[in-house]
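To find a chain, count down the sequence lines: A is the first, B the second, and so on, and within it residues start at 1. Bear in mind the structure is a predicted one, so any value in this text is a computation, not a measurement.
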Protein chains: 4
Amino acid sequence: MQGFGVHTSMWTMNWDREGAERAVAGAVHYKMDFIEIPMLNPPAVDTEHTRALLEANGLRAICSLGLPEAAWPSRDPEKAIDFLKLAMDKTKALGGEALSGVTYGGIGERSGFPPTEAELDNVARALDTVSKYATSIGLLFGIEPVNRYETHLINTGWQAVAMIERIGSGNIFVHLDTYHMNIEEKGAANGILDARDHLRYIHLSESDRGTPGAGTCDWDEIFATLSAIGFDGGLAMESFINMPPEIGYGLSVWRPVAKDHAEVMDNGLPFLRNKARQYKLI
Amino acid sequence: MQGFGVHTSMWTMNWDREGAERAVAGAVHYKMDFIEIPMLNPPAVDTEHTRALLEANGLRAICSLGLPEAAWPSRDPEKAIDFLKLAMDKTKALGGEALSGVTYGGIGERSGFPPTEAELDNVARALDTVSKYATSIGLLFGIEPVNRYETHLINTGWQAVAMIERIGSGNIFVHLDTYHMNIEEKGAANGILDARDHLRYIHLSESDRGTPGAGTCDWDEIFATLSAIGFDGGLAMESFINMPPEIGYGLSVWRPVAKDHAEVMDNGLPFLRNKARQYKLI
Amino acid sequence: MQGFGVHTSMWTMNWDREGAERAVAGAVHYKMDFIEIPMLNPPAVDTEHTRALLEANGLRAICSLGLPEAAWPSRDPEKAIDFLKLAMDKTKALGGEALSGVTYGGIGERSGFPPTEAELDNVARALDTVSKYATSIGLLFGIEPVNRYETHLINTGWQAVAMIERIGSGNIFVHLDTYHMNIEEKGAANGILDARDHLRYIHLSESDRGTPGAGTCDWDEIFATLSAIGFDGGLAMESFINMPPEIGYGLSVWRPVAKDHAEVMDNGLPFLRNKARQYKLI
Amino acid sequence: MQGFGVHTSMWTMNWDREGAERAVAGAVHYKMDFIEIPMLNPPAVDTEHTRALLEANGLRAICSLGLPEAAWPSRDPEKAIDFLKLAMDKTKALGGEALSGVTYGGIGERSGFPPTEAELDNVARALDTVSKYATSIGLLFGIEPVNRYETHLINTGWQAVAMIERIGSGNIFVHLDTYHMNIEEKGAANGILDARDHLRYIHLSESDRGTPGAGTCDWDEIFATLSAIGFDGGLAMESFINMPPEIGYGLSVWRPVAKDHAEVMDNGLPFLRNKARQYKLI
């Protein structure tokens, strides 16, 4: 989990053979160090095919997900544990280094109320178990705070840290996302500062999830703070153009937020890479 | 609708006598030009009491709302028209100058899909009727784009203008909100630029809806653009600390986003007023 | 004076035949609409050669200068008038549209005291005469505020406007420069706002005069404000890599402020063009 | 050298008894932790008077200066050493903790050329000697990069570090200034990042040296980076309203950059303190 990568949503949200091939070819074309693979439906992933593709192209991978309602740990930690263990086995089998994302709930999970102690305890119990499982099979395991509309459980860097402290576990990392930080943190930098001891991965996503550099994110502040804390984890560009219905409601993008794929890759990607170089992060 | 005002959520979200008195006293203490009154439950508003309070204190008012699900115009324009007409009558009766907000739907209304032509036509029909009614009783009528999670219908300045053009009506104004612009616009200024010909009112709300000046909004860019287009409408500070359950889910604030009321009023308000003066807006 | 251009300092600071040919070839390669030609030594300019080059390549041009100490209008308006008239004749002869820059003094002129009324009157007298001459030969004439270290006379947009009002002349335009605005204006936008009625030309120069996009200038704020005032003048990228000794002291660049020419043209230029497009300026 | 302080230029630039009393009273009124005293004319400082004032009011102090031309170390290291040793004795005698500023040259020293090895060696020799003297009497000793127009010797954080490495000395600290960083660094944060291992003191000065918060400095980026590197040195607000002629030329402020003293202290100071608190620096 180092270097500069990209979420494969740029090429596919269905991780079938055809999608995987298109995504890997794209990532190679743009000289990525790693890709992020959506693990929304673990049983459907052909891990042998993906592993072969990654190896053939010298790409590293991380998998990410949000949980289906039947496996929300706030309500049913055991179901969540089962789901996450399967996702981890699949991640391991395809050669991934980590499983992360909204591993503590659903994308769009909102009770309508602040999180209760019982909910947080349930989440902590599930995460504790699966993080130990991750360690046992040699995977890293992360949690990604997302904005208030996508979850009521963990919206900020400090809340992610509080969850890690609740668990008392040293083997869970924080995975931030600039799109969510732009909404939730008191200045994007504060999310990085609050989570600095646990931060291993960050989504570089513009304020509207469109073309990086053409929104309201303050990239200089973000990269400067990453550089200042000595961040050496993975930098993953994320933009959402293609989305399957099962996460469309949670993400709530109702219009194209970039003119096209080329605008993101040919304007947004060089912008991010130039900034990352300016701050000596790559 | 000119000068510097405040949304009364700083003091109350229940516009009963007690809430109204507390809010008006607060607004007077902080030398506001006007207040924004939540008109979430029109029948419950004691217009005589409010009118007397406003007159006694030399305060102007604008009312705002989001529609209850039973009156969403995308589904039932006639119900929406009835609800909005009543809200307008109440607004007029209490001495208000305008009715605005999410007047085109619910706060939290999301179909899960991009808006359909049928939905937009329904909304246009309702807005056309009520905007004419507004004119007939001497009120201004506005529509406020909100972010993708609070509606799937109108998220940006240009979408608000497109709705106005769909209606073909000259008597609907655009009401922007910096909190939503921070998520939806390609640079907050672009919302102002796109809506400039129709913009009459703007919510000054920080990126996390907390203390203005302590988030990710680029206030210099926002005020500079307002100044550059010759904006002379109302500037209304908005922050959410007290919220009734009926809008809590839509707004999705699960934690205190400011230390307390004093932090918003004593740090955030001077910050905004200094910036507004710097750009010659007040 | 419209479209997107570049100061030819990117290729040469000596406007001899060889320098002119290199600069024009470069500007054509990067698809510029116009070039800015340094008119530091008017007698030395081979206007026929330049005119033929420009015409052959379909490029427009504007000339710019700072005055030599012997021709500082604050001290000797008549000498300044003679110098500027010659520069204008040369500008006209090579097919240029305008003469601008520090036309009111020297680059590095500082008395050690605030400008006196006598100095400002002398400057006004010279500018009045030469602006009329410019009009008589069909040229535009501009004044560029520069920072406090490069002149004590005109540092801000409002001071440029005050000079125009002192002259009472309608045929002088204001030429801003983002590098100087970054030091002198209360928010870069304020220079644009103050000069808006007279603004026809702007240098897009980074805060250290290096690669645009890699400094402290707030480009979103700058482009948003330009867009908001309806700016339709010339946008000229400016960066200083090659400098002759006669302006080196005034500009005071003692180290390379960009890695090389390619960094400016291949990173900085796309950055500026993307931003200009984002705000619908080109 | 910790906490939040202020340069006494807010009240006086003449450190005579009357000026010292006015400055100390002001600093106490605004609850400063320390003051920065201009040591421009060391023999004239009444150290007993200042020491008594500081002790009576529980204020700490740091002294700063730029060298007169006769004592520029680039030309005459021995004269510089004599001058700086006297300034240090005076600093020690009045109870100061450190001597800093443009201790390596004059404010306005510019040869017209990049610094030569001979100049830098001369400077290094002088600084080495005086830094050892500082240590011997229990004082800290700093160097402040200033912009290209105020010196040709050290303009950036990395150049200050390069000078420290040239000396090979561990007892010189870097003193940054946001006003200069805004001109010289590739993003203000980069000066902090480059100097992080040596940074002990920073001037918080707006881009035009006027009211903090009303210029082009990106304060969130600056404070975030300070917080991220674990900065625990002194934060000193600096604004120039009153200036003696001997530094007027070097600083080149030709107009009031703030409406008045009150604007700086009542708007700018709370702005900076709020930001410093937001990033947990005070």
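Aromatic ring pairs are classed by plane angle as parallel below 30°, tilted from 30° to 60° and perpendicular above 60°; the pair C/Trp254 and D/His152 is perpendicular.
With chain C as the partner, the residue from D/Ala189, D/Gly215, D/Pro115 showing the most heavy-atom pairs under 4.5 Å is D/Gly215. The greatest number of non-hydrogen atom pairs below 4.5 Å with chain D, out of C/Glu184, C/Lys186, C/Arg110, is found for C/Arg110. Contact tally against chain D (heavy-atom pairs below 4.5 Å) for C/Glu185, C/Glu150, C/Arg255: the top residue is C/Arg255.
Counting heavy-atom neighbours within 6.0 Å of D/Arg200 CZ, excluding the residue itself, gives a total of 12 or less.
With a threshold of 4.5 angstrom between heavy atoms, C/Asn182 approaches chain D through its backbone and through its side chain. For a residue to count as touching a neighbouring chain, one of its non-hydrogen atoms must lie under 4.5 Å from one of that chain's; by this rule C/Asn190 does not touch chain D.
Atom OG1 of D/Thr216 sits about 8.5 Å away from atom CD1 of C/Ile183, to the nearest 0.5 Å. Between the CE atom in D/Met181 and the CG atom in C/Asp208 there is a gap of 13.5 Å [rounded to 0.5 Å].
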Exercise for the section: Take C/Val257 and D/Arg148 through the side chain to side chain contact (heavy atoms under 4.5 Å, CB included) test and state the conclusion after the steps. Expected result: CA-CA 12 Å; C/Val257 290; D/Arg148 61 192 67 182; 4.2 Å; yes
